[in-house]
Enquirer: 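Input: one structure, supplied below.
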Amino acid sequence: MSSKGIVKRSEDFSKWYNELVLKADLAEHSDVRGCMIIKPYGYAIWEKIKDQLDLMFKETGHQNAYFPLLIPKSYLSKEAAHVEGFAKECAVVTHYRLKNSEDGSGVVVDPAAKLEEELIIRPTSETIIWNTYKKWIQSYRDLPILVNQWANVVRWEMRTRLFLRTSEFLWQEGHTAHATKSEAIEETEQMLDVYANFVENFMAVPVVKGVKSENERFAGAEETYCIEALMQDGKALQAGTSHFLGQNFAKAFDVTFADKEGKKNHVWATSWGVSTRLMGALIMTHSDDKGLILPPKLSPIQIVIVPIYKNEEQLNIISEYAHKLKKELSELNISVKFDNDDNKKPGWKFAEYEMKGVPLRITVGPRDMENKTVELARRDNLTKSTVSQDGLPKLLLDSLNKIQEELFSKASLFLNENTFQVDSIDQMNQVLNNKGGFVEAFWNGDSKSEQKIKDLTKATIRCIPLQGSEKGNCVLTGEPNSKKVIFARAY
RNA sequence: CGGGGUGUAGCGUAGCCCGGUUAUCGCGCCUCGUUUGGGACGAGGAGGUCGCAAGUUCGAAUCUUGCCACCCCGACCA
């Protein structure tokens, strides 16, 4: 039966990923091309991500607001680089009404209901937000503005993949306005740190912090900071970006403020975002051939209790214990599911919760009740042990923390073992064609060289790392004094 | 946008080349019973505009033409 298991990673990583997303009940394809339905279990993980990030944004002084989904077409064209970057993938609303078709077969667009000015479904909200900030900002006293919004955006991508690239996706976008350049840069860097902190400490996904090359920069940004993660198949995934927008949007939307001397200045801007793509990073970093592996901090269910019984009497005894344990664990803020569904056999449940990545499983049967023990199974390393019921809550709490740490260590080790130094294009191709990974090499800083390297290797510059300022000979041209960057094939 | 593929029950599929009773099988679902320490078993049952449209034919899931949709692989992007 097809519901059993998924294809092995080593056989077809891409297929493995797709099957995992479907079988772990995270999401499914909708009837609309490139759009996905995020199912309750997948959404519960996203909510965990969202809640934690939201907390961190608020701790750093940001407030949430909400701006419209629809943006007048003309707004988009006000910032030249921005429109250039996004025009190709915008969905456009042209009419506001349907009517019954003449032959009665359904509804058609009412040609009489054509909009004067077409509306774009936001691919990102810089334009409508800066058009709004213009009204909000007059004086230096109005600054900074530190606003975030949780929203959906639409980018009509050629090719889509569940979570990694969908036509519509969920994200947050922070948009801040500052009086000085240095303050804006500080904000940009601060939010990059927030992202890196979250991704490493909650998702247990190690990242490299850096800035993008000019080619890879966000449309309209002066500097794009990013965090880059490495997936199990050796491909890189951009996990978050934070942009220093300079005064580009302030100029495009004429947003100025009067400083203490009464002099008018353009406002400095940042924007930063992470999306449901993080779900893809989470999945592809930790999971195995049995299914999803979730870090405890983001797992909707942290512990599942599976009872084993031959009759109702036994079930009652186990249930009583399970409810007591569940209550004790709740007091430690551990989320527990007691799965007493009588329609599914234990073996089925074991496989199911492994597919769904629940970090810990407790099995309790008559034998255990007699010995005052439980069987404890770890999802991440698939080990099982029999442990005493005495002091169990504390042990479980410790185990969850341990799993969280070990997932991060394991992923960090993978990142380190799959980061290679090369000094020629041949070597680079060798590494990339073999197992992939991050490739450190020197680059002369020229966009043309970057493009040439991409043509030769299919690898792009993922980032110019913030740490380490070594210089060396350019991997393409041999020019000395070139800076060290990370290349990889990327999602 | 190029290349490949698929569309038959909730899901996965056989049948299509070579047209012919009532469209195959598995999972899932419903009922009853037995089961429950790694994806249980038996018996019975329900469920179908064969992607859409036109054509050929006595007869179309099957042949022809057109259309639509989605998936996968590339190039482009978070």
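Proteins come first, then strands; the chains are lettered A, B, ... in the order of their sequence lines, and each starts at number 1.
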Enquirer: Quick one: do the A:Y41 and A:D25 side chains pair a donor with an acceptor below 3.5 Å?
Expert: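 The criterion, which ignores hydrogens and geometry beyond distance, is not satisfied for A:D25 and A:Y41.
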Enquirer: Under 6.0 Å between ring centres: does that hold for A:W272 and A:F57?
Expert: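 They qualify: ring centres under 6.0 Å apart.
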Enquirer: Can you measure A:I37 atom CD1 to B:C70 atom P for me and round it to whole angstrom units?
Expert: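 About 13 Å, once rounded to whole Å.
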Enquirer: Within the 4.0 Å heavy-atom criterion, would you say A:L237 contacts the bases, only the backbone, or no part of the nucleic acid?
Expert: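 Counting heavy atoms under 4.0 Å across all strands, no contact is made by A:L237.
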Enquirer: Using only modelled atom types and a 3.5 angstrom limit, is any donor from either the side chain of A:K384 or the base of B:G38 paired with an acceptor on the other?
Expert: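 Counting by modelled atom types and ignoring angles, a donor-acceptor contact under 3.5 Å is found here.
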Enquirer: Closest approach to the side chain of A:R361, judged atom by atom: which nucleotide of B:A78, B:G38, B:C76 is it?
Expert: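 It is B:G38.
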Enquirer: For the residue pair A:V109 and A:L98, establish whether any side-chain heavy-atom pair is separated by less than 4.5 Å.
Expert: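 SC-SC contact between A:V109 and A:L98 confirmed.
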Enquirer: If I pick the C1' atom on B:C70 and the same atom on B:A78, what distance separates them, to the nearest angstrom?
Expert: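 Comparing C1' positions in B:A78 and B:C70 gives a spacing of 23 Å.
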Enquirer: Determine whether a donor-acceptor pair (one donor, one acceptor, N or O, separation below 3.5 Å) exists between the side chain of A:E354 and the base of B:G38.
Expert: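 Under the 3.5 Å cut-off, the side chain and the base do form a donor-acceptor pair.
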Enquirer: Starting at atom CD of A:E19, determine the distance to atom P of B:C72, rounded to an integer number of angstrom.
Expert: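 It is 11 Å, rounded to the nearest whole Å.
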Enquirer: Using a 3.5 Å distance criterion without hydrogens, assess whether the side chain of A:R462 forms a donor-acceptor pair with backbone atoms of A:Q238.
Expert: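 Checked: no pair found.
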Enquirer: Can you check whether A:K349 has a side-chain N or O nearer than 4.0 Å to OP1 or OP2 of B:A40?
Expert: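 So the side-chain polar atoms of A:K349 never come under 4.0 Å of the phosphate oxygens OP1 or OP2 of B:A40.
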Enquirer: If you measure from the C1' atom in B:G55 to the same atom in B:G10, how many Å do you get, rounded?
Expert: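 Straight-line distance between the two C1' atoms is 34 Å.
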Enquirer: Let's see if you can work this out: which of B:A78, B:U36, B:C71 has an atom nearest to the side-chain heavy atoms of A:R33?
Expert: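 Selected nucleotide (nearest to the side chain): B:C71.
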Enquirer: For a quick check of understanding: with a heavy-atom distance under 4.0 Å over all strands, which category does A:V32 fall into, base, sugar-phosphate or nothing?
Expert: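 Result for A:V32 = sugar-phosphate.
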Enquirer: Under a 3.5 Å cut-off for both contacts, is B:G44 paired Watson-Crick or G-U wobble with anything, and if yes, with which nucleotide?
Expert: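 Its partner is B:C30.
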Enquirer: Expressed as a whole number of Å, how far does the P atom of B:G51 sit from that of B:U62?
Expert: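 About 8 Å, rounded to a whole number of Å.
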Enquirer: B:A78 P sits how many Å from A:I227 CD1, rounded?
Expert: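 Distance check: A:I227 CD1 to B:A78 P gives 15 Å.
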Enquirer: What does B:A9 pair with, Watson-Crick or G-U, if both distances are under 3.5 Å?
Expert: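 Per the H-bond distance test, none.
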Enquirer: Given the C1' atoms of B:U64 and B:U24, what is the spacing between them in whole Å?
Expert: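 About 27 Å, rounded to a whole number of Å.
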Enquirer: For the pair made of CD in A:E352 and P in B:A40, what is the distance, rounded to whole Å?
Expert: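 A:E352 atom CD is separated from B:A40 atom P by 12 Å.
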Enquirer: For B:G39, what is the paired nucleotide under Watson-Crick or G-U wobble rules, both distances under 3.5 Å?
Expert: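 With both distances under 3.5 Å required, B:G39 matches none.
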Enquirer: Check whether any side-chain N or O of A:N18 sits under 4.0 Å from OP1 or OP2 of B:C72, and answer yes or no.
Expert: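 The answer is yes; a side-chain N or O of A:N18 sits under 4.0 Å from OP1 or OP2.
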Enquirer: Which listed nucleotide (B:G37, B:A78, B:C72) is nearest to the side chain of A:R367?
Expert: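 Of the options given, the side chain of A:R367 lies nearest B:G37.
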Enquirer: Could you tell me whether A:D380 and A:R378 have a side-chain N and a carboxylate O separated by less than 4.0 Å?
Expert: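 Looking at A:R378 together with A:D380, the answer is yes, because their closest N to O distance falls below 4.0 Å.
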Enquirer: Any donor-acceptor pair, under 3.5 Å, between the side chain of A:R159 and the base of B:G2, if you only look at N and O atoms?
Expert: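 No, the side chain and the base share no sub-3.5 Å donor-acceptor pair.
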Enquirer: For the backbone of A:K99 and the side chain of A:D110, can you confirm whether one donor and one acceptor N or O come within less than 3.5 Å of each other?
Expert: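 Flag not set: sc A:D110 to bb A:K99 has no pair under 3.5 Å.
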Enquirer: Starting at atom CG of A:N343, determine the distance to atom P of B:C32, rounded to an integer number of angstrom.
Expert: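 In whole Å, B:C32 P lies 12 Å from A:N343 CG.
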Enquirer: Run the side chain to side chain donor-acceptor pair (under 3.5 Å) test on A:Y309 and A:N340 for me, step by step, so that the C-alpha distance in whole Å, both residues' side-chain angles and the decisive distance to 0.1 Å come before the verdict.
Expert: CA-CA 10 Å; A:Y309 52 92; A:N340 59 356; over 6 Å; no
Enquirer: Please work out if A:T166 contacts a base, only the sugar-phosphate, or nothing of the nucleic acid, heavy-atom cut-off 4.0 Å.
Expert: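 It contacts base atoms.
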Enquirer: Check the distance between B:U35's P and A:Y309's OH and give it to me in whole angstrom.
Expert: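 Whole-Å distance recorded here is 13 Å.
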Enquirer: Determine which nucleotide pairs with B:C1, using a 3.5 Å limit on both distances of a Watson-Crick or G-U wobble pair.
Expert: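 Partner of B:C1: B:G74.
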Enquirer: When rounded to the nearest Å, what value does the distance between C1' atoms of B:G44 and B:G38 take?
Expert: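 Looking at atom C1' only, B:G44 and B:G38 are 30 Å apart.
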Enquirer: Starting at the 5' end of RNA chain B and moving along, which residue's nearest nucleotide shows up first, A:K310 or A:S14?
Expert: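 The answer here is A:K310.
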Enquirer: In whole Å, measure the gap between the P atoms of B:G39 and B:C52 for me.
Expert: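 One P to the other, the span is 41 Å.
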Enquirer: From C-beta outward on A:A351, which listed nucleotide comes closest to its side chain: B:C70, B:C1, B:G39?
Expert: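 Given the options B:C70, B:C1, B:G39, the side chain of A:A351 is closest to B:G39.
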Enquirer: Distance check needed: B:A75 P versus A:K88 NZ, whole Å only.
Expert: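 Between P of B:A75 and NZ of A:K88: 16 Å.
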Enquirer: Output the single nucleotide from B:C1, B:G37, B:A78 whose closest atom is nearest the side chain of A:D368.
Expert: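 So the nucleotide nearest the side chain must be B:G37.
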Enquirer: Please tell me if A:K454 has a side-chain N or O lying less than 4.0 Å from either OP1 or OP2 of B:C77.
Expert: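 Yes.
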Enquirer: Between B:G38, B:A78, B:C77, spot the one nearest the side chain of A:E89, thanks.
Expert: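 Closest nucleotide to the A:E89 side chain: B:C77.
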Enquirer: Using a 4.0 Å heavy-atom cut-off, does A:Y491 contact any base of the nucleic acid, only the sugar-phosphate backbone, or nothing at all?
Expert: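 The answer is base, as A:Y491 lies within the cut-off (heavy atoms under 4.0 Å) of a base atom.
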Enquirer: How do A:P307 and A:F169 order along RNA chain B: which one's closest nucleotide is nearer the 5' end?
Expert: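 This one resolves to A:P307.
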Enquirer: Once you round it to whole Å, what is the distance between P of B:G12 and NZ of A:K15?
Expert: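 Taking atom P of B:G12 as the reference, NZ of A:K15 is at 13 Å.
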Enquirer: Could you please name the partner base of B:U62, counting Watson-Crick and G-U wobble pairs only when both distances are under 3.5 Å?
Expert: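 In the structure as shown, B:U62 has no Watson-Crick or wobble partner.
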Enquirer: Can you tell me how far C1' in B:G42 sits from the matching atom in B:U57, rounded to whole Å?
Expert: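 So the two C1' atoms sit 47 Å from each other.
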Enquirer: Using a strict cut-off of less than 4.0 Å between a Lys/Arg side-chain nitrogen and an Asp/Glu carboxylate oxygen, indicate whether A:K78 and A:E126 qualify as a salt bridge.
Expert: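 Salt bridge flag = no for A:E126 with A:K78.
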Enquirer: A:R379 side chain to A:L292 main-chain N or O, any donor-acceptor pair under 3.5 Å?
Expert: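 Side chain of A:R379 to backbone of A:L292: a pair is present.
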Enquirer: Counting only Watson-Crick or G-U wobble pairs whose two distances fall under 3.5 Å, which nucleotide matches B:C50?
Expert: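 Looking at the geometry, B:C50 pairs with no nucleotide.
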Enquirer: Could you tell me whether A:Q238 contacts a base, only the sugar-phosphate backbone, or nothing, with contacts defined as non-hydrogen atoms closer than 4.0 Å?
Expert: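 If one applies the 4.0 Å heavy-atom cut-off, A:Q238 turns out to touch the sugar-phosphate alone, with no base involved.
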Enquirer: Which whole number of Å gives the distance between the P atom of B:A40 and that of B:U35?
Expert: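 Taking atom P in both B:A40 and B:U35, they lie 16 Å apart.
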Enquirer: Checking contacts here: which listed nucleotide (B:U35, B:C29, B:C72) is nearest the side-chain heavy atoms of A:K344?
Expert: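 Between B:U35, B:C29, B:C72, the one nearest the side chain of A:K344 would be B:C29.
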